There are 2 protein chains.
Amino acid sequence: MTIYDISEKAGVSIATVSRVLNGSDRVSDRTRQKVLDIIQQCGYTPNAFARGLGLNTMKTIGIMCADSSDLYLAKAVYYIEQELRAYGYDSLLCCTGYELESKSASMDLLLTKKVDGVILAGSNFVYEREPDNRYIAEAAARIPVMLLNAAFDAPNVYSVMSDDCKSVYEATMQMRSSGTEDILYFYNADSYSGKRKLSGFLAAMEEAPAASGPLTEFYHGSHEDIHAMIGHLKAVHDRGVAFHGVIAADDNLALAAVKYAAEMGYRIPQEFSVIGYNNSMLAICCQPELTSIDNRLETLCQHLIATLLGVLEGKEMPKRTVFSGELVQRGTTRPELTRTE
Amino acid sequence: MTIYDISEKAGVSIATVSRVLNGSDRVSDRTRQKVLDIIQQCGYTPNAFARGLGLNTMKTIGIMCADSSDLYLAKAVYYIEQELRAYGYDSLLCCTGYELESKSASMDLLLTKKVDGVILAGSNFVYEREPDNRYIAEAAARIPVMLLNAAFDAPNVYSVMSDDCKSVYEATMQMRSSGTEDILYFYNADSYSGKRKLSGFLAAMEEAPAASGPLTEFYHGSHEDIHAMIGHLKAVHDRGVAFHGVIAADDNLALAAVKYAAEMGYRIPQEFSVIGYNNSMLAICCQPELTSIDNRLETLCQHLIATLLGVLEGKEMPKRTVFSGELVQRGTTRPELTRTE
DNA sequence: TGCCTGTATGTAAGCCCTTACATTTTCCAT
DNA sequence: ATGGAAAATGTAAGGGCTTACATACAGGCA
């Protein structure tokens with residue numbers, strides 16, 4: 001069943017059928033209706049490949065993410081996919097893992113498939129070493145590249161991100177002013193946003209420096225292995241480092257901190273405070289429930305897609321948009337002490 | 001840059017270039033090398049749309065799932081994507097939501113995109129009312145349809161699933177023989193596997209019927225709203241229904257049960273037992289950690305893909321494969337009482 | 001040398017659409 | 001009626017690739 005069959009049955013030329021298919025207004029209403037009827041009746045669907053060849057697009061966007069089963073990235077992928085589909089685009093998903101090489105290879109794959117644009121979901125796509133980001137710039141030479149929660153300055157690369165630095169700064173300040181000074185910043189990803197969070201923490205610790213100084217620990221291990229994270233915190237403790245608060249770079253680490261504190265016999269939040277990041281489902285899973293920074297992922301994703309669509313339409317769009325996050329108070333933090341003058 | 005440019009530079013015909021591109025053996029080694037060199041040198045990539053048009057495939061598989069941000073489905077999508085890519089296929093992701101209509105529409109979308117096959121990830125795609133499954137049979141008339149954790153009997157439809165019935169039966173029996181008889185089966189999805197789990201529970205409760213009889217509660221609400229689930233359980237309690245054990249249809253519900261029990265002041269597992277399903281990350285998030293049924297999702301996904309690839313190669317493949325799950329013991333259950341003769 | 005076989009390569013006809021341009025029809029103003 | 005502009009439709013040329021079939025060429029044998 002091709003456009004020829006339809007044109008024949010409808011008694012028109014294939015050009016007319018094609019026009020109907022593509023919603024051109026250069027067709028009389030009567031003809032349009034006749035053609036639509038036949039199409040309906042025959043259950044005809046245009047061949048997507050031929051269409052792609054003719055239009056040079058199949059309305060498909062590539063979504064790259066390191067690991068779509070990660071709680072946070074899964075949400076991102078979901079929002080992105082929903083948003084894209086609402087605008088008639090399909091999503092080609094590509095889970096790249098965390099190595100540069102496989103990311104670059106995945107990018108090539110998507111370019112080969114001729115997607116109209118590509119979304120890099122997650123801050124781990126932008127590396128500190130400039131040359132490592134070449135794969136992004138190269139892709140951007142062909143199609144628009146959208147960065148979620150990261151920024152990279154190159155033509156045709158657009159970023160939508162949350163203000164991690166500020167959020168963590170504020171969270172840290174709140175914890176300090178609630179009376180906890182020996183705070184450990186517990187992080188895992190040496191990524192773009194990881195760095196921004198760290199700098200927010202350090203900035204907050206440098207205001208009226210605490211006796212303990214800024215404590216930081218880098219966790220390298222599975223994102224889901226809570227036990228390993230707890231073990232890591234115990235090791236820190238055993239090393240003689242005293243800390244009664246944890247600012248975590250994500251909720252998984254924060255949850256580990258909560259469990260660590262419980263195992264150590266600290267009462268939360270009276271003796272131990274924890275603030276997580278992402279305000280994911282985990283925040284309401286632990287006991288007490290986790291105070292966490294919400295970076296408004298859905299909003300970010302919506303803007304990301306809006307920007308992408310704008311770019312695809314040839315509009316001038318902002319290269320970088322930053323949203324500020326919000327600290328969601330739950331049971332692992334105390335209120336700030338009201339300072340007596 | 002087209003195949004013509006390459007053929008010209010290499011001094012051969014386009015047919016030869018095409019043969020090299022497609023790994024035909026009807027090319028002399030010398031020519032092949034020459035062409036490959038030129039291709040390399042020019043950074044040429046064949047046009048995927050033209051290729052698709054010629055070959056009538058773009059090596060793309062559609063993955064449908066209700067909600068890819070769901071903990072369990074996200075894992076499934078991840079495993080499936082990884083496995084597919086390992087075999088050179090790309091994944092078109094389609095989050096359908098839970099309504100029949102949108103599932104059917106998504107299916108049409110994927111068919112329009114001419115995917116080579118489609119995977120329905122999750123038991124919610126198969127409905128009890130036979131006519132509701134027509135969209136599956138219709139799709140299967142065009143491309144192979146793979147069902148994860150569901151079964152539907154139609155030509156060109158293949159299923160890979162876990163033995164939910166048996167797993168829940170065994171879990172229930174274990175809980176009973178550990179001394180808890182007033183067990184509530186707490187479930188949410190009225191899906192294919194939901195039914196099988198329920199029947200496993202009922203079967204186990206019918207062996208030497210308990211005084212309380214089989215207690216079941218259907219939760220309808222957000223998958224992530226733990227508080228609503230806890231509220232539901234409290235309402236059951238307030239209705240005067242006594243239960244000291246919960247078998248949950250997924251870990252989210254189970255986690256709610258654990259929190260419910262904690263709020264009610266029950267000691268777990270001494271006075272209250274919980275068994276979850278999926279052995280997801282949530283199992284190690286709560287306190288005490290959750291005993292949960294692991295249905296070996298990764299294995300299921302691998303078999304699913306292996307079967308699909310077999311079908312695509314025209315091989316005869318089993319229409320239904322069932323794997324048995326495994327109960328992972330953690331802190332929310334007691335050991336079985338050793339029966340004294 | 002001439003013939004045959006088998007392999008390497010080329011030619012050209014699709015695959016199914018889109019769209020620029022050509023042609024026909026419609027309809028209004030005159 | 002009639003010229004002409006605008007609207008509707010048709011024709012045909014791609015778009016870049018695959019592949020059946022045709023051709024050229026090499027080597028083996030008589």
Side-chain angles (χ1 to χ4, degrees), chain A residues 1-39 42-60 88 90 109 111-116 142-143 312, chain B residues 1-39 42-60 88 90 109 111-116 142-143 312:
Chain A
M1 174 77 52
T2 76
I3 204 174
Y4 287 91
D5 301 317
I6 302 297
S7 78
E8 195 170 329
K9 289 190 214 241
V12 298
S13 74
I14 58 161
T16 302
V17 178
S18 178
R19 288 193 188 97
V20 171
L21 248 23
N22 291 287
S24 157
D25 57 351
R26 304 206 124 323
V27 185
S28 73
D29 286 346
R30 210 157 55 82
T31 307
R32 178 193 313 285
Q33 199 49 56
K34 185 168 53 178
V35 171
L36 285 177
D37 286 349
I38 305 274
I39 286 176
C42 301
Y44 163 76
T45 322
N47 181 301
F49 302 145
R51 205 127 195 262
L53 186 56
L55 294 170
N56 201 33
T57 165
M58 261 176 64
K59 297 210 47 152
T60 305
D90 285 314
L109 242 166
L111 291 175
T112 297
K113 281 264 168 149
K114 301 204 44 129
V115 294
D116 297 325
R142 306 231 253 136
I143 52 175
L312 288 176
Chain B
M1 174 76 52
T2 75
I3 204 173
Y4 288 90
D5 302 317
I6 301 298
S7 79
E8 195 170 327
K9 291 190 211 243
V12 297
S13 74
I14 59 161
T16 301
V17 177
S18 177
R19 287 194 190 97
V20 171
L21 247 24
N22 291 287
S24 157
D25 58 349
R26 302 208 126 322
V27 185
S28 73
D29 287 346
R30 212 157 53 84
T31 308
R32 177 192 314 284
Q33 200 50 56
K34 185 169 52 180
V35 171
L36 285 176
D37 286 349
I38 305 272
I39 286 176
C42 301
Y44 162 77
T45 322
N47 180 302
F49 301 146
R51 204 128 195 262
L53 186 56
L55 294 171
N56 202 32
T57 166
M58 261 176 63
K59 296 206 55 153
T60 305
D90 285 314
L109 240 166
L111 290 174
T112 296
K113 281 265 169 148
K114 299 203 45 126
V115 295
D116 298 324
R142 306 232 253 137
I143 53 175
L312 288 175

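Below, chains carry the letters A, B, ... as their sequence lines are ordered, and counting in each starts from 1. Quick note: numbers below take in every heavy atom, side chains included, and nothing from hydrogens, waters or symmetry partners. A quick note: this is a predicted structure, and the numbers were derived from the prediction, not measured.
A/Phe49 comes within 4.0 angstrom of no nucleic acid atom, judged by non-hydrogen atoms across all strands. Heavy atoms of B/Asn22 sit under 4.0 angstrom from primed sugar atoms or phosphate atoms, though from no base atom. Using a 4.0 Å heavy-atom criterion, one finds that B/Leu55 contacts the sugar-phosphate atoms exclusively. As judged by a 4.0 angstrom heavy-atom cut-off over every strand, B/Ile14 is placed among the base-contacting residues. Across all strands shown, B/Arg26 has heavy atoms under 4.0 Å from base atoms, whether or not it also approaches the sugar-phosphate.
OP1 or OP2 of D/dA8 has not a single side-chain nitrogen or oxygen of A/Thr16 nearer than 4.0 Å. For A/Ser28, a side-chain nitrogen or oxygen approaches OP1 or OP2 of D/dT9 to under 4.0 Å. Residue B/Ser18 has a polar side-chain atom (N or O) positioned under 4.0 Å from OP1 or OP2 of D/dT18. Here A/Tyr4 does not reach the OP1 or OP2 of D/dT11: none of its side-chain N or O atoms lies under 4.0 Å away.
Between B/Ile14 and B/Glu8 there is no side-chain heavy-atom pair separated by less than 4.5 Å. Residues A/Ile3 and A/Ser18 form a side-chain contact, since some pair of their non-hydrogen atoms from C-beta on lies under 4.5 Å apart.
Few gaps surround NZ on A/Lys34; more than 12 heavy atoms of other groups in view lie less than 6.0 Å from it.
Separating the CZ atom of B/Arg30 from the C1' atom of C/dT7 is a distance of 14 Å, rounded to the nearest angstrom. Separating the CE atom of A/Met58 from the P atom of D/dG16 is a distance of 17 Å, rounded to the nearest angstrom. If you take CG of A/Asp25 and C1' of D/dT9, they are 14 Å apart, rounded to a whole angstrom. Computed from coordinates, the B/Arg19 CZ to D/dC17 P distance equals 15 Å when rounded to whole Å. Protein atom CD1 of A/Ile3 is 17 Å distant from nucleotide atom P of D/dA12, rounded to whole Å. Residue A/Asp29 contributes atom CG, which lies 8 Å from atom P of D/dA8 at whole-angstrom precision. Distance, B/Leu21 CG to D/dC17 P: 8 Å, rounded to whole Å. Look at CG on B/Asn56: it is 10 Å from C1' on C/dC16, rounded to the nearest Å.
Counting only heavy atoms from C-beta on, B/Asn47 has its side chain closest to D/dC17 among D/dA12, C/dT9, D/dC17. Distance from the side chain of B/Arg51 is smallest for D/dT18 among the nucleotides D/dT18, C/dT19, D/dG15. The nucleotide whose nearest atom lies closest to any side-chain atom of B/Thr2 is, among D/dG16, C/dT9, D/dG10, D/dG16. For A/Ser13, taking side-chain heavy atoms from C-beta onward, the closest of the listed nucleotides C/dT18, D/dG10, D/dC17 is D/dG10. Between D/dG10, D/dG16, C/dT11, one nucleotide has an atom nearer to the side chain of B/Ala50 than all others, and that is D/dG16.
Checked options A/Asp90, A/Asn56, A/Thr57; the residue passing with A/Asp116 is A/Thr57 (criterion: side chain to side chain contact (heavy atoms under 4.5 Å, CB included)). Considering A/Ile39, A/Ile38, A/Thr45 as possible partners of A/Cys42, the one that fulfils the side chain to side chain contact (heavy atoms under 4.5 Å, CB included) test is A/Ile38.
Between the side chains of A/Lys114 and A/Thr60, no donor-acceptor pair of N or O atoms lies under 3.5 Å.
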